[in-house]
Protein chains: 2
Amino acid sequence: MKESSINHENTDFQSAKKVLSDFLLMNGFRKTIERFIILEEIYSTDEHFNVETLYSLLKKKKYRISRATVYNTIQVLMKCGLIIKQQFGKTTALFEKKLNTLHHDHLICTECGLILEFSDQHLEQIMRKVGELMDFEIHKYSLNLFGYCKNCSSN
Amino acid sequence: MKESSINHENTDFQSAKKVLSDFLLMNGFRKTIERFIILEEIYSTDEHFNVETLYSLLKKKKYRISRATVYNTIQVLMKCGLIIKQQFGKTTALFEKKLNTLHHDHLICTECGLILEFSDQHLEQIMRKVGELMDFEIHKYSLNLFGYCKNCSSN
DNA sequence: CTAGGTGCAAATGCTTTGCATGCCC
DNA sequence: GGGCATGCAAAGCATTTGCACCTAG
């Protein structure tokens, strides 16, 4: 079990690396080490992260990469669809890696900050219908549910 | 038609004023003029607004109210349910007045910034179901659809 | 009177920008 | 080698905080 999970993460990173590499080439951007270090760091965890935690993680690993580069690289990774920005109502933006998975939404515990993910097939349909009715060409949607998680509601 | 719309807005403001007044009394907060001036300003329009536009509107009307007070008052108005905060992915938060209407969601045009509102009865059901399945006590949710509006998609 | 509210300005936190240096193509 | 990307520091915004003064209760 453990090994297969490791392999899976590794495969995810390998394919992400290819996506980034191709994207940079096709758009005439440079393949700098920094961009790949940051990508690897992001793909080595499943958590939602923000710029600051990512930056200090890199610091801790003795990489000499500036905040500006982290921000820059995050823009690039968003453009090639490898990560997604999530604005959960806080001022600080959170990001998550985007695998070849279905669209999913979030449950956020306003008490302890826990973030769970879920997906519901009915939602896609509803979005499409709303788009037609309102004359909108919908490209993406974000749905966040706020409340108390199991632990926090029992207290 | 025009008169009835004016009356309606006025009624909304009158009842909002009462809600605020009661809320302040019940919680031992002071009924300062600033709080009511800001409430009136908010209720005199139907648009989504941010702190800066609200502040400069007050400036233009020669009120001597500071940004700090606007921020403070907005917190109060949120606590008593008279306005709702909307985070549409930008860093700047937008707010809207909350009437006794049903929950509604937003369509945001990423091209021109247009914001439309809609509501769908099916969504409420889905939210409830998800809450049960995931063991979450849901208090609110926000659903935003992003894309191009009629005008922008035709260009 | 007196605590909470206000105005003002300074501080904070997150993000972007300007500029000199470095390194990919 | 030429120019884009980087590191660093400074600037930019939105929001919060500290403090002296003011005012509602």
Side-chain angles (χ1 to χ4, degrees), chain A residues 17 20-41 48-80 83-95 113, chain B residues 17 20-41 48-80 83-95 113:
Chain A
K17 219 159 79 174
L20 175 57
S21 186
D22 292 350
F23 176 83
L24 294 174
L25 275 176
M26 302 234 302
N27 292 277
F29 298 132
R30 290 189 181 163
K31 297 169 73 173
T32 60
I33 346 134
E34 288 85 356
R35 288 173 172 166
F36 287 91
I37 290 173
I38 292 172
L39 182 69
E40 178 160 31
E41 203 52 51
H48 292 77
F49 62 93
N50 61 42
V51 173
E52 201 52 35
T53 53
L54 180 54
Y55 173 71
S56 42
L57 214 59
L58 293 165
K59 279 273 124 157
K60 202 188 292 176
K61 296 197 177 177
K62 306 292 180 199
Y63 290 119
R64 200 165 146 285
I65 294 179
S66 72
R67 241 177 283 258
T69 300
V70 175
Y71 276 103
N72 170 19
T73 303
I74 279 181
Q75 299 297 335
V76 174
L77 295 179
M78 280 200 288
K79 279 206 189 89
C80 58
I83 60 173
I84 293 181
K85 185 177 192 171
Q86 298 289 354
Q87 196 92 36
F88 292 133
K90 309 255 183 76
T91 51
T92 322
L94 289 184
F95 300 86
Chain B
K17 220 159 77 174
L20 175 57
S21 186
D22 291 350
F23 176 83
L24 294 174
L25 276 176
M26 302 234 302
N27 292 275
F29 299 133
R30 290 190 183 163
K31 297 169 74 173
T32 62
I33 346 134
E34 288 85 356
R35 288 174 172 164
F36 288 91
I37 290 173
I38 292 173
L39 181 68
E40 179 160 29
E41 204 52 50
H48 292 77
F49 62 92
N50 62 41
V51 174
E52 201 51 34
T53 53
L54 180 54
Y55 174 71
S56 42
L57 214 58
L58 292 166
K59 279 272 125 157
K60 203 187 290 174
K61 297 199 177 177
K62 305 295 178 196
Y63 289 119
R64 199 165 147 283
I65 294 180
S66 71
R67 241 178 284 260
T69 300
V70 175
Y71 276 103
N72 169 19
T73 303
I74 279 181
Q75 299 297 336
V76 174
L77 295 179
M78 280 200 287
K79 281 207 187 87
C80 57
I83 60 173
I84 293 181
K85 186 177 191 171
Q86 298 289 356
Q87 197 91 37
F88 292 133
K90 309 256 181 76
T91 52
T92 321
L94 290 185
F95 299 86

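Throughout, a chain's letter reflects where its sequence line sits, starting with A, and its residues are numbered from 1.
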* Asked: A/N50 near the nucleic acid: base, sugar-phosphate alone, or nothing, with a heavy-atom cut-off under 4.0 Å?
  -> nothing
* So which heavy atom on A/S66 is nearest to which on A/Y55, and how close? -> C-CE1, 3.8 Å
* Going through the distances and angles, do B/T53 and B/N50 end up as a side-chain hydrogen bond (donor to acceptor under 3.5 Å, both in side chains)? -> CA-CA 6 Å; B/T53 53; B/N50 62 41; 3.2 Å; yes
* Sub-3.5 Å donor-acceptor pair from the side chain of B/N72 to the main-chain atoms of B/A68, do we have one? -> no
* **Backbone of A/I65 reached by a side-chain donor or acceptor of A/T69 within 3.5 Å** => no
* If you pin B/F29 and B/Q75 to their nearest nucleotides in DNA chain D, which one's is more 5'? -> B/Q75
* Do the non-hydrogen side-chain atoms of A/K90 and B/Q87 ever get within less than 4.5 Å of each other? -> no
* Of the non-hydrogen atoms in B/K31 and B/F36, which two are nearest, and what is the gap between them? -> CB-CE1, 4.0 Å
* Euclidean distance, atom CG of residue B/L25 to atom P of C/dG5 [Å, nearest integer] -> 13 Å
Taking only nitrogen or oxygen atoms into account, show me every contact under 3.5 Å that the protein makes with nucleotides 8-14 of chain C, one pair per line with its distance.
{"from": "C/dC8", "atom 1": "OP1", "to": "B/R64", "atom 2": "NE", "distance (Å)": "3.4"}

* Structure fact -> On DNA chain C, more 5' by nearest nucleotide between B/R30 and B/V70 is B/R30
* Donor-acceptor contact below 3.5 Å, side chain B/S56 vs main chain B/E52 -> yes
* Asked: What is the distance from CG of B/N27 to C1' of C/dG4, rounded to the nearest Å?
  -> 14 Å
* Asked: Taking NZ, NE, NH1 and NH2 as the nitrogens, is one of them in A/K17 or A/E40 under 4.0 Å from a carboxylate oxygen of the other?
  -> no
* **Euclidean distance, atom CD of residue B/E34 to atom P of C/dG7 [Å, nearest integer]** => 5 Å
* Given atom CD1 of A/I37 and atom P of C/dC23, what is their separation to the nearest angstrom? -> 12 Å
* Structure fact -> B/F36 CZ to C/dG5 C1', in whole Å, measures 14 Å
* Mind calculating the distance between CG (A/N72) and P (C/dG22) to the nearest angstrom? => 19 Å
* Asked: B/L20 has an atom CG; how far is it from atom P of C/dG5, in whole Å?
  -> 12 Å
* **Test item: B/E34 and B/Y63 side chains (from C-beta on) under 4.5 Å apart, heavy atoms** => no
* Asked: Which of these, A/L77, A/V76, A/I83, sits in a side chain to side chain contact (heavy atoms under 4.5 Å, CB included) with A/L39?
  -> A/L77
* Could you give the angle between the helix axes at the two ends of the helix from C/dC1-D/dG25 to C/dC25-D/dG1, with five pairs per end, rounded to 10 degrees? -> 30°
* Does B/F95 reach the side chain of B/I84, with side-chain heavy atoms less than 4.5 Å apart? -> no
* Structure fact -> Bounded by its outermost nucleotides with an atom under 4.0 Å from a heavy atom of chain B, the footprint on DNA chain D reads D/dA14 to D/dG25
